[in-house]
Every structure is written in C-alpha cells, then in structure tokens.
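Everything below concerns the one structure shown next.
So you know, we letter chains A, B, ... as the sequences are listed, proteins then strands, and number each from 1.
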Number of protein chains: 2
Amino acid sequence: MSNETTKIPQATAKRLPLYYRFLKNLHSSGKQRVSSAELSEAVKVDSATIRRDFSYFGALGKKGYGYNVNYLLSFFRKTLDQDELTKVALIGVGNLGTAFLNYNFMKNNNTKITCAFDVDPGKVGTLIGDVPVFAMDDLEKHLNEEEISVVILTVPAQVAQLITDRLGNTNVKGILNFTPARLNVAKSIRVHHIDLAVELQSLVYFLKHYPNVDETEE
Amino acid sequence: MSNETTKIPQATAKRLPLYYRFLKNLHSSGKQRVSSAELSEAVKVDSATIRRDFSYFGALGKKGYGYNVNYLLSFFRKTLDQDELTKVALIGVGNLGTAFLNYNFMKNNNTKITCAFDVDPGKVGTLIGDVPVFAMDDLEKHLNEEEISVVILTVPAQVAQLITDRLGNTNVKGILNFTPARLNVAKSIRVHHIDLAVELQSLVYFLKHYPNVDETEE
DNA sequence: TACCGTTAGTTCAAAGTTTCACACACATCG
DNA sequence: CGATGTGTGTGAAACTTTGAACTAACGGTA
C-alpha cells in the first residue's frame, strides 16, 4: 500500500469524488476531525470500506483519533488533481445539454465546460450559461485548439456514433455518454455511460422484484 | 435456474432494460433471429455474460440457432412489466427537471412522468412538456391521489432531505436521486443515485490514473 | 438422412469487492 | 503518568461478478 503507483480498485476510485465532496462540506462547517463511522453515516458507505479505500493511499488517519479533515482534504485535493482545471466540451445543446450548461454542477470542481457544439444555426454563436456554442462542423478544430480531452455527449442517439468517430481525430480521451447508444471507440478512449431511461427502468424492476432491500449505488 | 422465484443477480437486473431496448431495435429493423455474439457486439457486454443472464430466466434460445427476436422480446416485455404503466413524479422543475420533462426519454417505455412539483409560483399551474406542475405544498396530496410509487428528485441539494422525509408519508417506494445529497430513508424505500458531478470527476480520475483501459459501465 | 458448422447453456476458476473482527496505537482523562 | 476507551489498518472470509472453455443440441445442406 501507500505507493502511488499501486493501482486503486475501480470501485474505490469511483467513490473518491464522493469522499472529497463530503470532506469539503465538513471543512467548511469547521469540523477538525472525522471518523470513518461518521463519514459512513454521511455518504452511506460501510465504514470498513471507507477505511480500506483510504488505506490504499497509505495511513491517512490516526488510531483512536480518526482523520484530520484538513490533512485528508489536502491529500485528496492533490490526488484528484483539484488544482489543475480539466476543460470539458459539451456536444449537443438540446434539452439535456442546455440544462448542463446552465446547471452549476461543476462550479466548485476541477472541471469546467468551456465550449459547446450544436448543428442548430440558431444556437451557434450564442452563449448559454456563459459557454459559447460553436458549429458542429468546427468540432475537431476547436477541440484541438483548446486541447480538450473530455467531452459530454448529449446528442440524439442516431448521430452519437458519427460524432464519436470524429472524436478519433482529436485529443479526446474520455466521453461521458448520455446517449442510449453503445459506442464503438478505439481502446484509447474511455466511455462512461449514463443511460437515464435504463436507470429509471431498472429502478422500477428492482422495486417489483426485490422488495425491501437496501440502497444500491447508481 | 428457470424458476421465476430465483433471485436474479443485481448486475444482471441492471442490464435487462438495456437488452430490451436493443431487442426492440432489432425487431423494428425486421430481424428474426439473433445470437449472443451479435448482441454482445451491440451492447458491449461479453457474450457469455449475455447467455448466462438470459439463462436465469430459463432456456430462451436454441443451440446452433440463437434467439428468436420476437419470442425474446415478448418474454422481456412480460418480465419487465412493459405492459403496465408506472407513473412517475418529478420533484424540482429547475434546469435539469425541465429538461427531463421535455426530454422524450420515457416515451417508448413503461414509465411516464405524470406530474411535477415546484415551489416557484410562476411554474405552478403550467404545463411543461405536457406535464402539469403542482405546488410543492400539495406534494403528498397528489402523490397519494395518483398512487405514485416512483419519483425523480431534481431539487437543490439543501432541500433534498426535507423533501425525502415528506415522501415517507406517501406510497413512494423508489427515488431516482439526481441530488448530490446522500439521503436518509426508511429501508422500505429504494434510492438510486445519479451524481453527475461525481461521474464527471471519476471519469477524469480514471483518465489520469488508468490510461488505456477499456470501457466501464455507468 | 447423415454430416458439419454454429451457438446456447453450463461449469469452473479467477478476479474483484465487501464485510467482519481484531490487534494495536493513540488520545484522553483522572 | 497509568488506565481506559476509541477508532484505524488489515488479515481473512464471504460474496459477487466475470470470462474462458466445454458440451450438447439444433439447423442447414448435400
């Protein structure tokens, strides 16, 4: 453990941003120390899991004391690269895309949507939530100029693969895909799917077939 | 296997809506039969996993032939309760909430947003995407009258727990939570989290720390 | 009708993840 | 300054999920 090069389990990596956010809350409410049990209550993750997650990064806490909020926070800030800003592009300014542009969900974070793309000439050239909307034709040009490596995909499903193929000519390494389409990508590109209809349907399925079980993540 | 009462693994259950959607696509494109390998290519799930997933429901396919699309489709329709409509309420008509109301992501499905709630008097009484917006004060009343058991939560984080507590007095059994808040709920209520900021951050983390690994779900 | 190629269903081992439970270290208090 | 309680870090066990490999059944073809 405690070695930077040791690979962190994926399940752990997915929880890190969650921990980070709650630590920020604790910090701003003036808390000095926190135990894995308290944290567990707040983020709804088993306390043993939290301790193990933290332990992958070394001994961050003190026995009989807990974790120092400031120390933990500054550690995570470094680990999650919170100091350096990751620029993100949003492709497809429809209902959902517009909501993301207006939504402040990356305000406090290390990620920022710096440009958006759409085919609608009525939207091109405008600012939505302070983000400039460019023509889809200029996609590769702007992505390369701004050296963008992460995109949010909120285009209609039919064109998702088409757009994705064009991303092959850019520096894009990660796609957050809100499209129902399952994308074919070069293996140098990482895709995370958020499929809203599937999420809703599977929730309904769980309710009908697994009555009364406890909470599950996404 | 093949027994209706056998509990399906959660990982499998999450994939069912995905399978269902692709089967619908195949059906409408006139395809008669499909193999697990073809399906695997389309949904990006290992073919052995697909075969095992299906086998929990019994022998749905034929060796040396594959699966009959019609048969499979009608089977899933029953299994996923596609015939009966699940009414869903949306709470919080902000940027994201409005997008969902306008978005057609449940048009083809067994779920439909039938009412929405907000505190803004300017929104109350209006129709957004054909869905009536009611006052937050009348939340319990409408939910009970319409016998709604699933809600989508798109309110500001600060009030998420407050609203959730009020759901305790209703028939609501499932919450799709788009709020960063981790909700305290009675264990009869199931919560699925979709935390957009966390998703984006964890994608960025993966890109920095796990270069060049393959695709991961949600 | 007999063969051949295809592909479902299943078994097994491996990998990944969570949870338990406990020793040990530290903080705290008298 | 010693005793006591608290809470971390972690070994081991339990559980979940995946992927590879195999078997056996079926369809198609000559």
Give one of base, sugar-phosphate or nothing for A:T12, where a contact means two heavy atoms less than 4.0 Å apart. nothing

For nucleotides 20-30 of chain D, 5' to 3', base contacts (B), sugar-phosphate-only contacts (S) and non-contacts (-) with protein non-hydrogen atoms under 4.0 Å give BB--BBBS---

Write down the distance between CZ (A:F57) and P (D:dT10), rounded to a whole number of angstrom. 14 Å

Just N and O in the side chain of B:S36: are any of them under 4.0 Å from OP1 or OP2 of C:dA8? yes

Between D:dC15 (C1') and B:K7 (NZ): distance, integer Å: 18 Å

Atom CG of A:L39 and atom C1' of D:dG7: how far apart are they, to the nearest Å? 13 Å

Atom-pair distance (OH on B:Y56; P on D:dT17), nearest Å: 8 Å

Rounded to whole Å, how long is the line connecting atom CD1 of A:I50 with atom C1' of D:dG9? 14 Å

With respect to the phosphate group of C:dT18, does any side-chain polar atom (N or O) of A:T49 fall under 4.0 Å of OP1 or OP2? no

Which residue pairs pass the ring-ring contact (aromatic ring centres under 6.0 Å, His included) test with at least one member in residues 164-183 of chain A, sequence neighbours excluded? A:F100-A:F178

Let me know the distance between CD1 of B:I8 and C1' of D:dT16, rounded to the nearest Å. 14 Å

Measuring to OP1 and OP2 of D:dT6, would you say a side-chain N or O of A:Y67 lies under 4.0 angstrom away? no

Give a yes or no on whether the backbone of A:K24 and the side-chain of A:S28 come within a donor-acceptor separation of less than 3.5 Å. yes

Which residues satisfy the ring pair (Phe, Tyr, Trp, His ring centres under 6.0 Å) test with A:F76, sequence neighbours excluded? A:F54

Which part of the nucleic acid, if any, lies within reach of B:F54 when heavy atoms closer than 4.0 Å are counted: base, sugar-phosphate only, or nothing? nothing

Within residues 59-74 of chain B or reaching into it, pairs that qualify as side chain to side chain donor-acceptor pair (under 3.5 Å) - sequence neighbours excluded: B:H27-B:N70

Show me the donor-acceptor pairs within less than 3.5 Å that the side chains of residues 159-171 of chain A make with the rest of the protein, sequence neighbours left out.
| unit_1 | atom_1 | unit_2 | atom_2 | d |
| --- | --- | --- | --- | --- |
| A:Q161 | OE1 | A:N184 | N | 2.9 |
| A:Q161 | NE2 | A:D165 | OD1 | 2.8 |
| A:Q161 | NE2 | A:N184 | O | 3.1 |
| A:T164 | OG1 | A:A160 | O | 2.6 |
| A:R166 | NE | A:E140 | OE2 | 2.8 |
| A:R166 | NH2 | A:M136 | O | 2.8 |
| A:R166 | NH2 | A:E140 | OE1 | 2.9 |
| A:T170 | OG1 | A:L167 | O | 2.7 |
| A:T170 | OG1 | A:V172 | N | 3.2 |

Sorted by chain and residue number, the side chain to side chain donor-acceptor pair (under 3.5 Å) partners of A:D195 (sequence neighbours excluded) come out as B:R21

